Amino acid sequence: MGTTAPAPCRAFVTGHDGAAPMRTQVGIVGAGPAGLMLSHLLHLRGIESVVLEVRSRAAIEATIRAGVLEQGTVDLLTATGVGERLGREGAIHHGIKLRFGGRTRRIDLHALTGGKAITLYAQHEVIKDLVEARLAAGGQIRFDAKDVSVHDLDTDAPSIRFRQNGRAQELRCDVIAGCDGFHGVCRPSVPESVRTEYQRVYPFGWFSILAEAPPASDELIYTCHERGFVLISTRSPTLQRFYFQCDPHDQIANWPDDRIWQEFHARLENQEGWRLIEGPIIHKIIIAMRSFVCEPMRHGRLFLAGDAAHIVPPTGAKGLNLAVADVVVLARALAGFYGSGRTDLLDDYSQTALRRVWKAQHFSWWMTSMLHRSAEASAFDLRRQLAELDYVTSSPAASTALAENYVGLPMEL
Ligand code: FAD
Ligand code: PHB
């Protein structure tokens with residue numbers, strides 16, 4: 001970027017409809033983990049932002065998504081003052097289990113990474129904490145912002161147009177952060193001629209349930225079985241999150257509760273005497289699996305972050321964590337821009353973020369291919385997968401590689 005940083009300015013809260021457009025420093029599209037965390041980090045550095053979110057506050061605070069926070073994500077939330085409830089209610093896990101060939105082996109994350117761990121804390125709880133912190137600090141989050149569109153991206157004065165309460169409004173800013181997820185409007189606003197998209201769509205999905213039951217295990221269990229993958233996770237002492245591999249085109253209506261439990265029992269139980277505890281199923285959803293990266297993650301004054309720029313299959317538990325890692329890099333670059341007019345960090349944003357993104361892509365693809373059964377797989381493939389799992393869980397070098405990726409690689413700045 002070849003310009004100097006504009007002076008700080010206050011965002012007007014009034015709409016426009018012919019009146020003066022609103023103005024802020026950083027216009028953020030999307031109040032997911034990426035958008036809210038960016039707004040929070042910018043506030044701590046004295047930079048103003050306005051977040052525009054298409055859904056209501058109640059809707060974003062109720063959407064069931066991720067559950068695993070890397071050590072670095074937990075440390076960041078804590079260090080920036082939004083980790084109080086996470087510290088109280090999050091469950092720290094020092095290991096995960098891999099189940100295959102009728103046996104279960106533990107990866108000791110803590111021992112293999114010099115004391116790091118993961119924390120189980122639902123994404124919508126992170127969202128609630130960030131929304132509360134932003135609003136308490138006087139931050140602006142415009143919920144129910146419809147028909148959002150981004151303009152003048154290749155100028156020093158980009159703008160965001162939207163409708164709220166039926167009124168057309170415009171937000172002028174210095175920089176736009178596209179944090180609007182995979183189906184948002186920001187990435188498609190980058191001309192096709194200047195973006196390259198890399199994609200792999202997997203021939204399977206995850207059937208996901210929330211069940212009111214006590215925990216099935218003290219640690220997550222990733223299972224590779226002839227009938228397909230299963231993941232045993234948790235949300236609280238009374239609510240459990242389980243997933244099994246399914247056809248991505250399958251229908252929830254094909255899976256009454258009894259059939260779901262039968263499938264879990266068939267894939268999970270072995271000679272070790274462990275039994276899954278059933279309970280009322282209160283939520284069912286089928287999730288498609290894809291790997292996707294858009295390069296570069298920046299076009300003019302538009303910076304993409306999180307799922308807007310990349311998607312990973314959930315097997316590595318990386319999506320939310322990557323979104324947070326992106327905005328750490330972006331917030332630092334914006335601090336350099338506003339603090340001393342330097343533009344080099346913004347110029348490097350895409351390259352810096354993509355280094356971590358591609359490592360997470362590799363890890364997520366690797367975990368997915370090691371643990372899932374594909375319809376075309378032969379008996380040879382199953383034996384090869386079992387050998388890989390045997391190696392990964394018995395070689396200190398291979399277990400360490402899994403562990404250091406799972407707890408999260410160091411943040412790159
Ligand atoms: P999003 O969370 O998608 O947020 C984007 C926001 O933008 C949304 O609130 C959306 O309403 C809003 N928006 C969209 N379009 C517009 C528009 N036009 N105008 C205004 N606003 C708009 N990740 C992990 O790290 N660990 C896990 O354990 C994990 N498990 C997962 C399990 C499941 C079942 C799924 C589906 C995902 C999981 N993920 C996990 C991935 C994680 O949930 C996502 O990567 C994460 O939500 C990305 O955050 P984001 O802020 O980039 O995007
Ligand atoms: C979850 O708890 O939702 C979860 C855990 C681990 C994953 C994916 C999702 O790999």
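All values reported here derive from a predicted model rather than from experimental measurement. In listed order, ligands and their atoms are each counted from 1.
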Rounded distance (nearest 0.5 Å) linking atom NZ of K97 with atom CD of E219: 4.5 Å
A145 to ligand 1, any heavy atom closer than 4.0 Å: no
R241 near ligand 1 by a heavy-atom separation under 4.0 Å: yes
Protein contact of atom 4 (O) of ligand 1 - nearest heavy atom, named by residue and atom, plus distance: G32 CA, 3.4 Å
Per atom 2 (O) of ligand 2, closest listed option by heavy atom (A66, G316, S208, S233): S233
Minimum side-chain heavy-atom gap Q361-V312 below 4.5 Å: yes
Any side-chain heavy-atom pair of V407 and E70 under 4.5 Å: no
Candidate with minimal heavy-atom separation from atom 15 (N) of ligand 1, of I286, N321, D180, L322: D180
Protein heavy atom at shortest distance from atom 50 (P) of ligand 1: P33 CD, 3.9 Å
Proximity of L320 to ligand 1 by residue part, where a heavy atom lies under 4.0 Å: both
ring-ring contact (aromatic ring centres under 6.0 Å, His included) partner of F229, chosen from W206, F244, F242: W206
Heavy atom of the protein closest to atom 37 (C) of ligand 1 (residue, atom name, distance): R65 NE, 4.0 Å
Heavy-atom side-chain proximity of I92 to I118 below 4.5 angstrom: no
Residue portion contacting ligand 2 (non-hydrogen atoms closer than 4.0 Å) for Y121: neither
Ligand 1-proximal atoms of K318, by part, heavy-atom distance under 4.0 Å: backbone
Atom 18 (N) of ligand 1 [closest protein heavy-atom partner, distance rounded to 0.1 Å]: V185 CG1, 3.6 Å
Contact partition for V29 relative to ligand 1, non-hydrogen atoms under 4.0 Å: side chain
Distance from atom 5 (C) of ligand 2 to nearest protein heavy atom, with residue and atom: V68 CG2, 3.4 Å
Atom 11 (O) of ligand 1: nearest protein contact (heavy atom, Å): E53 OE2, 2.6 Å
Proximity to ligand 2 by part of L220, non-hydrogen separation under 4.0 Å: side chain
Distance-only N or O hit between ligand 1 and G35, under 3.5 Å: no
A34 N/O to ligand 1 N/O under 3.5 Å: yes
Contact atoms of ligand 1, heavy-atom distance to Q123 under 4.0 Å: 2 (O), 42 (C), 43 (O), 46 (C), 47 (O)
Identity and separation of the nearest protein heavy atom to atom 8 (C) of ligand 2: P314 O, 3.3 Å
Nitrogen or oxygen atoms of Y406 and ligand 2 under 3.5 Å apart: no
Protein heavy-atom partner closest to atom 52 (O) of ligand 1 - residue, atom, separation in Å: D307 N, 2.8 Å
Option set I118, V68, I287, criterion heavy-atom distance to atom 28 (O) of ligand 1, minimum: V68
Over-ring placement of R105 relative to F100, 6.0 Å and 45° cut-offs: no
R235 to ligand 2, any heavy atom closer than 4.0 Å: yes
Side-chain heavy atoms of H151 within contact of E170, under 4.5 Å: no
Distance-only N or O hit between ligand 2 and Y222, under 3.5 Å: yes
Closest approach of any protein heavy atom to atom 9 (C) of ligand 2, naming residue and atom: Y243 OH, 3.6 Å
Nearest-contact summary for atom 22 (C) of ligand 1 - protein heavy atom, Å: V54 CG1, 3.6 Å
Y243 near ligand 1 by a heavy-atom separation under 4.0 Å: yes
Shortest protein contact, atom 39 (N) of ligand 1 (heavy atom only): A66 CB, 3.5 Å
